[in-house]
Structure formats: C-alpha cells, structure tokens
Amino acid sequence: MRLSAYFLPTIKETPSEAQIVSHRLMLRAGMIRQASAGIYSWLPLGFRVLKNIERIVREEQDRSGAQEVLMPTIQSADLWRQSGRYDAYGPEMLRIEDRHGRDMLYGPTNEELITDIFRTSVKSYRDVPKMLYHIQWKFRDEVRPRFGIMRGREFLMKDNYSFDIDLAGAKRAYNKMFVAYLRTFARMGLKAIPMEADTGPIGGNLSHEFIILADTGESAVYCHGDFLDFDVLGQDIDYEQDLEPIIADWTALYARTDEKHDAAMFEKEVPQENRVEKRGIEVGHIFYFGTKYSEPLGATIATPEGEQVPVHMGSYGIGVSRLAGAIIEASHDEAGIIWPEAVAPFKVGLINLKPADGDCTTACEDIYGKLRGAGVEVLYDDRDERAGTKFAEMDLIGLPWQLVAGPRGIAKGMVELKRRRDGEREELSLDSALSKVMP
RNA sequence: CGGGGCGUAGCUCAGCCUGGUAGAGUGCCUGCUUUGGGAGCAGGAAGCCGGAGGUUCGAAUCCUCUCGCCCCGACCA
C-alpha cells in the first residue's frame, strides 16, 4: 500500500478526551474514530489489526474443533423472557421496539439464542459434544464507557458455547478452550495468564479469566513469575488427547485477580522473588455454567438409557476489539505503538526519504515490488514529506520493521533496517535487508 | 446512577469573572528556502462560540432549559 493513497489520518496532538495510552495512540495513529460514547468506527489501519486478531482467534477456535456460526445482533425478547434474563439483565441491555411493537434487543451475549438453536435440532447424546462459536458485535449499554475501545458499549467478541451430556464432557470442552486460549494469546505476542475467577452460583473451579499484564490494567493481579516463562506454542497439542496435564501445569501456580486474591496464601505459595504484583487486563473468560440455560429453555437430550437430561453448557469469550487496545497497552513506548508481528497492520514500513531523487525512488519502487511479490505486507511512504515527519509517523503506527532508503545510502547500494521493538538499526545491502524481512 | 468538569477553526486551547465587530499555536492551501527524527519565512482559506429560549441598545461572555462529551465512584468482556 502506498501511503500517498492510504487513508491514514494521524494526529500530532493528543485528543483531549483520551486518557489512557491505547486510546490516545489509536486515535493518533488513525486507527479509530469515536462515533458516540463507547462506539467507534474502525479506519483502515485499525481495521487491519482487528481483522488480524479475529483471524488468529478463528484459526485457534477451528483448530480446537469448534465450529463457526453467525448469530444476529438483534434478538427477540421472547427467548430472554424464557430464560428469565429479560428482567434480570437491567438497563445494560439495549431494548428496541420494532414497528409492530414487538420487544427486541441488541444482544449483549448469545446464550439464549445458541441454546435455542441447539434445542430445536439436537435430541440425542449421539449429537454431542459440540462447540459452536461466532464472532459478532455485541452491545452493552454501560453506564460509563471509558478507555476507548477497551470498554466501549459496542464491542466485537468471540463467544463459543459447548454442549455436553454431562459434567465430564463439559470439562473436556473447557480444557480445549483453556488450551486454545493459551495458544490464541501467545500467537498475538501476549503473555496471558489464566487466573481463577468467580464461578457464580454454579460453583466448582471451572472458571478462568485470561489476563495480560499492563501498567494501565483495570485491576490488580497477583501471580507467580514463572508464568512469564511458560511456552505453549512450543508444544504439539492434540485436542483429542487428555489435556488435563497441560491444564494442571497452568493452574498449579498462584494466579488471582484482586477479587479472589488471598495475601496470606500468595505469600505462602510464592517465594518473595517470584511474586508478581501488577495490573492486568482481562482479554478472555471461560466458564462452565451447567444447565443454567438448558433447563429453563428445555434444551434436553436423550441419554443412552433413554432418559431426557438438560445439556451441560459452557461459554467462552474473547474480547476481540478489546484486544486491539490491550495489545497496545502491553506494547508501546513514548513514540507510539509497537505491534507484535502477528497482528501488525503491515509487516514493513518502507520509507522513501527523498521521492524527488530519481535513483532513490527507483530503488524504493524496486524494493516495494519485491516485497509485495514475496507476499510481504508493506506500507510504502512515498509521500513528499520531510524525513522527520516520516520517521515520527512510522514510529507512531508501530510497524515491526522500517526499511529506510535515502539518496546517500542508495548510492552505495545500502538501506537501513530498523526494528521497531528495540529501535535497533542496521545498515545493510539491499538484498540482505530484503531477505531479513521476507518470510 | 451519585459527584465533578468541559463544549469557541480539523486538533490543542485562550477569551467568559468585569457584555461592545472572533483569537493563538498547530494542521490545511500558495510561494520561496530547507531536506536523515513531527523545519524556517511570507501570504491565504477556515468558526450560526453545541442547541433553544430569555435579559439587554448590544450576548461566546449574564440567566433558564436542553443535548453531547470527559473524569472520579458504584458496575462490567
């Protein structure tokens, strides 16, 4: 993509409404624009990031055996009356009336709908287990939206729902999601730590929040430092195998949010030097809720013995749009965003320092063509701007690699390759620079 | 939903107390100069001062109402 043709409205000054760093940077980098309180438009750069996050989430859901569906944003109130949540949910639910006077709502979540889909078509134990997920916009009319995209009213969420004949089956589904989440966040370059969470009225220990550490996180979290060295991507995972050992590894050490924190236990279980006390952002939540919805909605299946039992369900959410902000909270510096490669809107930013210079521009066009030919996503700054502006904007939008070509270097056949993460620069020949950023 | 704050040029803000023809910086457009970290000089375009009522000869400024946005708290993926 040529920057001269790209819609990238960057802002030098910080918009006054943005307080936290991800919100400021997303506005400044031209990723999003606020439409109204807690509701945002995604501009080209931000949308690319959102799509990358979504893609990784989808790939890992599919890998775990979940199947993608797409349910509507607008739901009928009828189902919610059956589950008892139409009244229970309160003013957070955006209620709508259609032209016929029917009560509708903009879905804040989809348990009712998915349970309805399941109950009308699944009748036998032979048809489970199943995991159905979708990635869809939700709306929760928060009293006070804040933190930009991180806590908007409208947000993109992946929610998966598992259906099993009994608790043991549900536990297997839970474990699959647990591992899928570890992989999902790791692929995005995040250290996500599963922390014990409240299970509500169901009880048991089948509820975890996945938390990433960031100074600006919304809640205090406490965990063992060894979590930061765990590597899930290095493992070869077979989702049909028993995942219990992996779960055991990841739940053996202390990790709790402040709601569940027990200072005495923390100090007893974690040696002083390994105690991590930081702030965290919740990016995922998995939990088992048993027959909470299947019972009132009559989602029953027949056991091998012919008995009708309510199906056991779990629900597994990832805040897809929130992740865009969360990743920035976890990865930025004074100059701007630092994208992990997997979610970066482009892999390489090619800076032509002097478009007016024939040789320099010829070389840049050549590099641009070669990178694109190799399938590398590249944003080519071909604008007639000053060098300082180009450097500053490229740092701001945070592409992992910057390839800088100026007349002086080009005359010697050299370009500069800068790694955004640590600012390390290398003067390289054209070919070796290219080979470094090509797959 | 309680408490607080702010709506003036694309953005950041001054002007309001004490009423008298709308301001700065930055961004944008033109030209010249400059050219490896958000340049310099000169010129230019740009605002129903959030909206509606009211007070007044006269309102960005005072009063009333209203809408929007932000912050703290309670709540939350």
Side-chain angles (χ1 to χ4, degrees), chain A residues 9-20 23-24 27-30 33-39 57 89-93 107-111 135-160 181 192 197-198 207-212 217-219 257 259 280-287 315-326 334-336 351-357 360 381 383-397 402-410 414-416 418 423 425 427:
Chain A
T10 58
I11 303 170
K12 192 148 78 168
E13 286 172 282
T14 299
S16 59
E17 76 266 20
Q19 296 298 313
I20 65 163
H23 192 192
R24 289 203 298 263
L27 289 169
R28 288 193 52 213
R33 284 293 179 268
Q34 179 166 316
S36 67
I39 302 177
V57 170
Y89 218 95
E92 251 196 11
M93 183 153 73
T109 177
N110 287 68
E111 279 85 4
I135 299 173
Q136 177 66 289
W137 291 92
K138 309 278 191 292
F139 194 93
R140 292 184 193 168
D141 200 358
E142 299 278 345
V143 202
R144 176 148 110 83
R146 62 182 120 177
F147 305 149
I149 221 71
M150 296 249 294
R151 190 162 160 214
R153 294 193 291 172
E154 189 182 55
F155 56 97
L156 187 61
M157 182 176 173
K158 184 282 300 179
D159 42 328
N160 185 15
Y181 275 35
D198 268 324
S207 176
H208 284 89
E209 290 180 1
F210 286 74
I211 303 277
I212 65 171
E218 51 209 324
S219 52
T257 64
E259 296 164 322
I281 300 168
E282 182 185 352
V283 288
H285 193 176
I286 61 177
F287 60 100
S315 145
Y316 316 89
I318 290 181
V320 174
S321 50
R322 164 178 282 196
L323 270 166
E334 310 72 41
I351 297 181
N352 182 348
L353 280 181
K354 194 157 190 175
D357 183 283
C360 187
D381 192 346
R383 299 171 306 164
D384 183 23
E385 289 287 345
R386 300 179 57 81
T389 302
K390 296 188 175 203
F391 288 132
E393 283 195 3
M394 203 56 89
D395 282 348
L396 173 64
I397 67 175
Q402 295 175 13
L403 207 45
V404 182
R408 290 208 293 269
I410 290 299
M414 305 291 273
V415 293
E416 184 180 283
K418 172 177 158 181
R425 306 175 203 200
E427 180 100 359

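Just so it is clear: chains get the letters A, B, ... in the order the sequence lines come, proteins before strands, and each one is counted from 1.
Across all strands shown, B/C6 pairs with B/G68; the Watson-Crick or G-U wobble distances both stay below 3.5 Å. Under the Watson-Crick or G-U wobble criterion, with both distances below 3.5 Å, B/A46 is left unpaired in every strand shown. For B/C32, the paired base is B/G40 (Watson-Crick or G-U wobble, both distances below 3.5 Å). Base pairing of B/C13: its partner is B/G23, meeting the Watson-Crick or G-U wobble criterion (both donor-acceptor distances under 3.5 Å). Across all strands shown, B/U61 remains unpaired; no Watson-Crick or G-U wobble contact has both distances below 3.5 Å.
Using a 4.0 Å heavy-atom cutoff across all strands shown, A/R28 reaches at least one base atom of the nucleic acid. A/K158 comes within contact range of no nucleotide atom at all, as no heavy-atom separation falls under 4.0 Å. Using a 4.0 Å heavy-atom distance criterion, A/L396 is classed as a base contact.
Distance noted for atom P between B/C69 and B/G23: 31 Å (whole Å). The gap from the C1' atom of B/C63 to that of B/G47 amounts to 25 Å, rounded to the nearest Å. Look at the P atom in both B/U61 and B/G31: the space between them is 41 Å, to the nearest Å. Taking atom C1' on both nucleotides, B/U18 is separated from B/A42 by 39 Å, rounded to a whole Å. B/G58 and B/G54: their P atoms are spaced 12 Å apart (whole Å). If you take atom P in B/A60 and the same atom in B/U8, they sit 15 Å apart, rounded to whole Å. Between B/C28 and B/C48, the distance separating the two C1' atoms is 23 Å to the nearest Å. Taking atom C1' on both nucleotides, B/U21 is separated from B/C49 by 14 Å, rounded to a whole Å.
Partners of A/K138 according to the side-chain hydrogen bond (donor to acceptor under 3.5 Å, both in side chains) rule, which considers only residues two or more places apart in sequence or in another chain, are A/D159. Qualifying salt bridge (charged side-chain N to carboxylate O under 4.0 Å, His left out) partners for A/R386, counting only residues two or more places apart in sequence or in other chains: none. Not counting sequence neighbours, the partners of A/E393 by the salt bridge (charged side-chain N to carboxylate O under 4.0 Å, His left out) test are A/R383. With sequence neighbours excluded, the residues that form a side-chain contact (heavy atoms from CB on, under 4.5 Å) with A/P15 are A/I11, A/E17, A/L27, A/R28.
A/K12 has a side-chain polar atom (N or O) that falls below the 4.0 Å cut-off from OP1 or OP2 of B/G27.
Scanning all heavy atoms of the two residues, the minimum distance from A/Y181 to A/G284 falls at CE2-CA, 4.1 Å. Shortest non-hydrogen contact noted between A/C360 and A/P407 is SG-N, 3.8 Å.
In summary, A/E427 and A/R408 do not engage in a salt bridge, as defined by a charged side-chain N under 4.0 Å from a carboxylate O. Salt-bridge annotation for A/K418 and A/D395: present, with a side-chain N of the basic residue lying under 4.0 Å from a carboxylate O of the acidic one. Salt bridge annotation for A/R140-A/E92: absent, with no cationic side-chain nitrogen under 4.0 angstrom from a carboxylate oxygen.
Between the C1' atom of B/U30 and the CG atom of A/D384 lies a distance of 15 Å, rounded to the nearest Å. Between the CD atom of A/E13 and the P atom of B/A14 there is a distance of 13 Å, rounded to whole Å. Spacing between atom CD1 of A/I397 and atom C1' of B/G37 amounts to 15 Å, rounded to whole angstrom units. The NZ-P distance, from A/K390 to B/A39, rounds to 13 Å in whole Å.
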Each nucleotide in nucleotides 65-77 of chain B should get exactly one letter: B, S or -. Can you fill that in based on protein heavy atoms under 4.0 Å? ----SSBBBBBBB
Listed pairs, N/O of protein and of nucleotides 32-36 of chain B, under 3.5 Å:
{"residue": "B/U34", "atom": "O2", "partner": "A/R386", "partner atom": "NH1", "Å": "2.6"}
{"residue": "B/G36", "atom": "N2", "partner": "A/E416", "partner atom": "OE1", "Å": "2.8"}
{"residue": "B/G36", "atom": "N2", "partner": "A/E416", "partner atom": "OE2", "Å": "3.0"}

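Side-chain contact of A/S207 with A/H285: a donor-acceptor pair under 3.5 Å is present, judged by distance alone.
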